[in-house]
Each structure stands twice: as C-alpha cells, then as structure tokens.
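What follows is one structure encoded as structure tokens, with my remarks underneath.
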Protein chains: 2
Amino acid sequence: MGAPPRRATISDVAREAGTGKTSISRYLNGELSVLSPDLRSRIEAAIERLDYRPNQMARGLKRGRNRLLGLLLADLANPYSVEVLQGVEAACHALGYMPLICHAANEIDMERRYLQLLTTYRVEGVIVNALGVPESMLKPMGSGGIPAVLVDRTVDGLDADMVGLDNAAAVRLAVQHLLERGYDDLVFVVQPFEHVSSRREREAAFRRSIDGAAGASAQQATKGAQEVRAATHVLDLHDDASVDAALAVLDAHIADAARRGARCALFAANAPVALRLALHLKAKFGAQWQQQAALIAIDDPEWAELAGITTIRQPTREIGYRAVEFLNERIEGAALAARAAAFPGELVVRASTLG
Amino acid sequence: MGAPPRRATISDVAREAGTGKTSISRYLNGELSVLSPDLRSRIEAAIERLDYRPNQMARGLKRGRNRLLGLLLADLANPYSVEVLQGVEAACHALGYMPLICHAANEIDMERRYLQLLTTYRVEGVIVNALGVPESMLKPMGSGGIPAVLVDRTVDGLDADMVGLDNAAAVRLAVQHLLERGYDDLVFVVQPFEHVSSRREREAAFRRSIDGAAGASAQQATKGAQEVRAATHVLDLHDDASVDAALAVLDAHIADAARRGARCALFAANAPVALRLALHLKAKFGAQWQQQAALIAIDDPEWAELAGITTIRQPTREIGYRAVEFLNERIEGAALAARAAAFPGELVVRASTLG
DNA sequence: CTGTTAGCGCATTCAC
DNA sequence: GTGAATGCGCTAACAG
C-alpha cells in the first residue's frame, strides 16, 4: 500500500464513492440537501479514506475568484506592520479570505516586484502599506482594475480607500501633553517625509499645533505664556552618515536650549525614529537619560514600556481589520467613492515626559 | 476605451499577435531561441498592448507545481520570527519561490487550520516553526507527502529536516560568561518547555553546563571555587496569574541570594521571557535595575541594546535561508535522510552582566 | 520554426 | 436526485 504517490482528485473520490464528479462537487459546496443520505455518506467515507482536499487553484481557475488577498507591507521589522497584519488576519478569517503577505523590506523594487506577482496570482484585492511610488502600478484598479486599500499612507496619484491614524488629532494630543508638562522647545524628528503622506501630515500637524497653542496662550495668558519654540529635524535612518550629522545638530540644539534655560522635548514621528533617538540619548546621558531629555513618540512598540517612553498608541489591529472590510465591500462590487477611515490615537504617559 | 473589463488571457494575446497560444507559451517560458525574430517582436508588442500577465494558478494547475512555499510561524510578534522570515524571503527570491506566510499567533488550532489551507493550495513544501502538535498533520510528507523542514523546534513523531540554533553551545557560551563574571547563583527562566524542543534543549544544556563547570572548578580550583547554584523557573507568559506567582518565587530567590551574599543572575531562554523579566526588574529596582540584578538572554531583539541586556544572538537570517535551501533540495527530489543544521550563537555583552 | 490537440482539477449548465 | 459534457488559462506532446 504505502501513501498514495499523488494527492487524490475529485475524480478519484467519485470513483471511490461510485458516483460522478458532479455529486462530489455539490457535496463540497454545501449543497447537501440535494443529495440522498446514502450517496452523501458514501461521499463522506470516500473523502475520509482518500484524505481528499479540493484543489483551491483549480477551483479558483474555474469560478474566477480565489479568495486571495494581497497584503503588501513596507517593513515588517516595524512593529506597526506586524500589528496591522494581525488585524488583517483576523478579518480575513472572518470573511473567508487568505492573505498573501508580501514584505518589501524597505526595498522599493521589491515592492514593485511583489505587486506584479500579486497580479499574477490573481488576488482579488490588495492592501498596501506603500513604500515608494507604485505610481501606475496600482492605477488600473481605480479604473476597473484590482481593488486596493491603502494603509497609513496614500499613494500619490491614486484615488483609493485609505485607513490609518488621525494624524492631526494624534499630534495635537502629543503637543498638548508636552505643553502641559511645561516643555517650551519642541523638536519634531521624522524620516524624510516628502514622499510619505503620514509623515508629511504629522509634520504639518506639528507646526499647526504649535501655532494654535501659541495663539491660545497669547490671548489667554496661559501659564506657558512665554514663546514656544518649534523645529523639525529629518533623520534618514537608512543612511548612517546622515544620521550622525542630524544627531549632531540635534545635540547642538539641546545644548543651546539648556543654555537658554528652555525645556526641550523630542517628538519622534514613529517607532523606528524613537528607537534611534532613545539609543542616542542613552549614549549621551546614560541609563537615566529620561531625566535629562524628554521624548514622546507616535507608535507604541513593546519596548516602550521598558524604556519608559511616552507614546501615542495607534489602534493598529482595528486599522488592519477595517482595511479588509473596506476591501471586501469593494470586491463584492460596491462602487462608492474612495473613503477614508482615520482612527484616533491614545496617549500613554511614561517617564520620558515626566522630567 | 477604458480599461479592459477582464484581464487578458493567453488566447487574447495569441489573437492580438496573430499566432497560436503555443508560441505565446514558449515566449513566456523563455524558449526565445525557437521563435523567429518577427513573431517574437509581435508577441512582445501584443503582451505590452494588452498588459498581459500569465495566470500562475493556471500554470500551476497544468504543470503540477506552483512554486508556492508555505511558511508557518508560531508568533510574528516575536522578532525572531520576523528575522527568520527575512531569510526565507531572500532565499525564495533567489530560488524562484513565493512564500505563503501563515501566522498562527500562538493559537494552536490556527496552526492546524493553516496547515490544511496550505495543503489545499498545493504548496510544494512547508517551513514550520511549530507551536503545538501538528502530530500527523505533517506525517504524510515523510511518507511521500509534502516536504517540510522544521525551524527552531522539532515536531514529536516527525522525522524531517531541521534547522535552528546550536542550543547546547549557545547555553554553554552564556553560562561560561556568567561564571567568568563571577555570578554563582544562576536562574534559568523559560516558558513551559515540555512540548517545545528548543526550550527543552536549552534547559537541559543549562543543567549540564553548570555541572560541567562545577566539575571543572572542583578539580582545577578555579577562582569561582565555591559551589555554583542553579535553578530553573517556568514562566507561562500566556497566563497572567501564573506569571505573577512565578515572579514572586523569583523575587524570593533573589532576596535569598542577596542574604547569602551570593551573586545571582537571570538567564532568559528567549526574548519574550527576557522582556517580561526586564519589565519586572525595572518595576522592582527602578531604571538602574541592571546594577541590582544580572540578566542574560537568548535572542537579540532590537530593544536589547537600548535596555542594555547581554544576549546570545542567533543568525536568524541564515536559519531562514538554510531552511529554504533544505526544502528546495527535497522538492527537487533529493531522498536523503533527515538532516539537521545547528547554527552557533554569538555573545553580545552589555550592561546587564557587568554589574 | 510553428500550430493543433489534449488535458491539469474543478464547477457548471443541461439533460436524464 | 444524478451524471455527462464543456471550459477556466495554460503547458506539453505531437505533428507539420
């Protein structure tokens, strides 16, 4: 005997059950009511005996849909991505999809390759946490192409569903917290942001929040009545030399603030930036750095608690879940205009802003 | 015009190029030398014009292989998994496979479901970082079933290729470091380890390392001539109550060691345990906890540097890469006996063992 | 060099 | 209730 050399097919099952393929197919598709109890149990037995598993590829080929969703992630090393992924998975299970997870690993041409590959596997839709400019790579979907929903960031010329953080509100929350804690020299640190909408939005929101607060304090003579300074620094994490240079400038800024007697706080636009800054501050001020410099960040990685960093936590699971829901509606044929879901962030206060 | 409502098929291209499907197929499969320059350029043009992409599902159905590999991960929240994943991806690209990433999220029946699903999609092989007991779920492959290679841990009754850390050597390295630093009360902390081979091996290696060291010091009268104590504590991270209880016992142990004047060091079996311990130590001793208690861990997550924890780093990328290589050989038909690749760990000394 | 033919495993008319 | 026939998109013999 031994194990069968080849996996059983529907024909094998039909033969084993002494019937035609049609009945097997009906059984598989839950049209149980149309089968005589006898046939039905014979089929069950045959399937069991042959350890039969319907071939999804063949099914997909026939019916034209394979229940595959593409999930294209810019960087799985970023905990944010992993959490979004979990939300996506949960929704996929609930809706009967199988997520095809693709990891661009910060390589822009990996992203392009994967997008093509997904197309090739005829996924029914894609969820994209874009890295660079899939420009027209995604275009076709708006115009009858494959449905897509964007996560965290928009893609330039593309009019698609979008789900992510309410950046304006999140940044406002953070700035407000810093001002309340008496910081009056705020430094926003962000990766190169021209091409990433979420970074752009956060930076813009940062500027606006400061202006707003300054205006308010001017008329109301708030406790922090003195001027609040604000600056933006760019940290290109993929370029060591550039990072060193930027950190040197930052150091100068911090020193200057100390000289002026100002209270300086660093605002990291996301977790990777926060980690880099924390490492730098630790190297500079030692293990007790939280007492010398303030740091707040968007994103709440697992080590934030250990490092004692105040953060704005994103509802990452929900973001992933909603993305799939949006996509599913699109796949089911909804022809609405592009929607956007912006979830609120949550302030988690820790030692780094209690100096 | 507008975008074509349906993706172009090989027949469309053939018609557009004024030829038969065979030639198109030949073109797609790189049999270019067999095509007249004229036909060839007509085909190229047609493909371009129709934005044609061959349907992988159909190809797979026909040739019987779809170049899909299953990657079943127990827990993507564990940085170890993400790094292995990156190695797997790299190898897949090099060898022309597409990894189907499945995340069991610590749910044992998710694992089972995914294994079935992978079977259903006719993946050519699977790489499994097992969670529970896929028992016979994987059995079939040894006996003509789908090829599999195990990562980090074995599966009980299963005789398959295996790749992971050289646990014995890694643990020895860590223990040796601790002894050299003068610690004489070593506490190994690990998640429930009966069913996870790597944890079992590490725990066993811990006991053996201590015994070996004790023996050596006995005959050679090493500097640490006094007895070295060793104990194992279990931390079930998925059960809060149990964790609290275990930590209380640990605290007692530490207090007792202090009373005796012994130098106590904690040895975390992996990153999740290390994080939990670090959080506890921080809560107990404050931000400077590294000076009150020693901690070493297997795994080297990105936050280890920030937290200043000494670790044994695994060559995770290589592990993932090798897993795919093993699998590929199997898929190509190699019928060798089960192999095992055990990679060495690397000691990264940081503040937590320099007390 | 090129086209015709016959399936891969399955779902779906359409008859019986 | 049930089964035979047709074709999804593609590749692999076979002829020419």
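To find a chain, count down the sequence lines: A is the first, B the second, and so on, and within it residues start at 1. Both backbone and side-chain heavy atoms feed into the values below; hydrogens, waters and symmetry mates do not.
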Fill in the blank from the handout: Taken to the nearest 0.5 Å, the spacing of B/Thr119 OG1 from A/Asp51 CG works out to 8.0 Å
Practice task
Measure the distance from CE on B/Met57 to C1' on D/dC10 and round it to the nearest whole Å.
Solution key: 13 Å
Problem - A/Arg65 CZ - C/dT12 C1' separation (whole Å) - result: 16 Å
Practice task
Look at B/Glu124 together with B/Arg330 and state whether they make a salt bridge at an N to O cut-off of under 4.0 Å.
Solution key: no
Exercise for the section: Please determine if A/Arg40 forms a cation-pi arrangement with A/Tyr27, meaning its NZ or CZ atom is less than 6.0 Å from the six-membered ring centre and no more than 45° off the ring axis. Expected result: no
Exercise for the section: Using a strict cut-off of less than 4.0 Å between a Lys/Arg side-chain nitrogen and an Asp/Glu carboxylate oxygen, indicate whether B/Asp109 and B/Arg113 qualify as a salt bridge. Expected result: no
Fill in the blank from the handout: Atom OH of B/Tyr121 and atom P of C/dG9 are separated, to the nearest Å, by 18 Å
Fill in the blank from the handout: Assert: residue with more 5' nearest nucleotide on DNA chain C, out of B/Arg40 and A/Arg59, is B/Arg40
Exercise for the section: Round to a whole Å and report the spacing from CD1 of A/Ile10 to P of C/dT12. Expected result: 11 Å
Practice task
Please determine if a side-chain N or O atom of B/Ser23 lies less than 4.0 Å away from the OP1 or OP2 oxygen of C/dC1.
Solution key: no
Practice task
Find the distance B/Arg15:CZ to D/dG9:P and express it as a whole number of Å.
Solution key: 11 Å
Problem - Cation-aromatic face contact B/Arg322/B/Phe343, 6.0 Å, 45 degrees - result: no
Practice task
Report which part of the nucleic acid A/Ser11 touches: base, sugar-phosphate, or nothing (heavy-atom distance under 4.0 Å, all strands).
Solution key: nothing
Completion exercise
In whole angstroms, the gap separating P of D/dG3 from CD1 of A/Ile43 amounts to 8 Å
Exercise for the section: Measure from the side-chain heavy atoms of A/Pro54 and tell me the nearest of C/dC10, D/dG9, D/dG3. Expected result: C/dC10
Practice task
Remember a base hit wins even if backbone is also touched, and classify A/Ile24 as base, sugar-phosphate or nothing at under 4.0 Å, heavy atoms.
Solution key: nothing
For nucleotides 12-16 of chain D, print each protein N/O atom paired with a nucleotide N/O atom at under 3.5 Å, atom names and distance only.
residue: D/dA12; atom: N6; partner: B/Thr22; partner atom: OG1; Å: 3.1

Fill in the blank from the handout: Interatomic distance, OG1@A/Thr316 vs CG@A/Leu85, rounded to 0.5 Å, equals 10.5 Å
Practice task
Answer yes or no: does a side-chain N or O of A/Thr19 lie under 4.0 Å from OP1 or OP2 of D/dT2?
Solution key: no
Exercise for the section: Quickly work out the B/Tyr27 OH to C/dT2 P distance and round it to whole Å. Expected result: 14 Å
Handout entry: Closest to side chain of B/Leu39, choosing from C/dT2, C/dC10, C/dA11
Key = C/dT2
Practice task
Would you tell me whether B/Asp152 and B/Ser198 have side-chain atoms, one donor and one acceptor, within less than 3.5 Å of each other?
Solution key: yes
Handout entry: A/Leu61 CG to D/dC10 P, straight-line distance once rounded to whole Å
Key = 9 Å
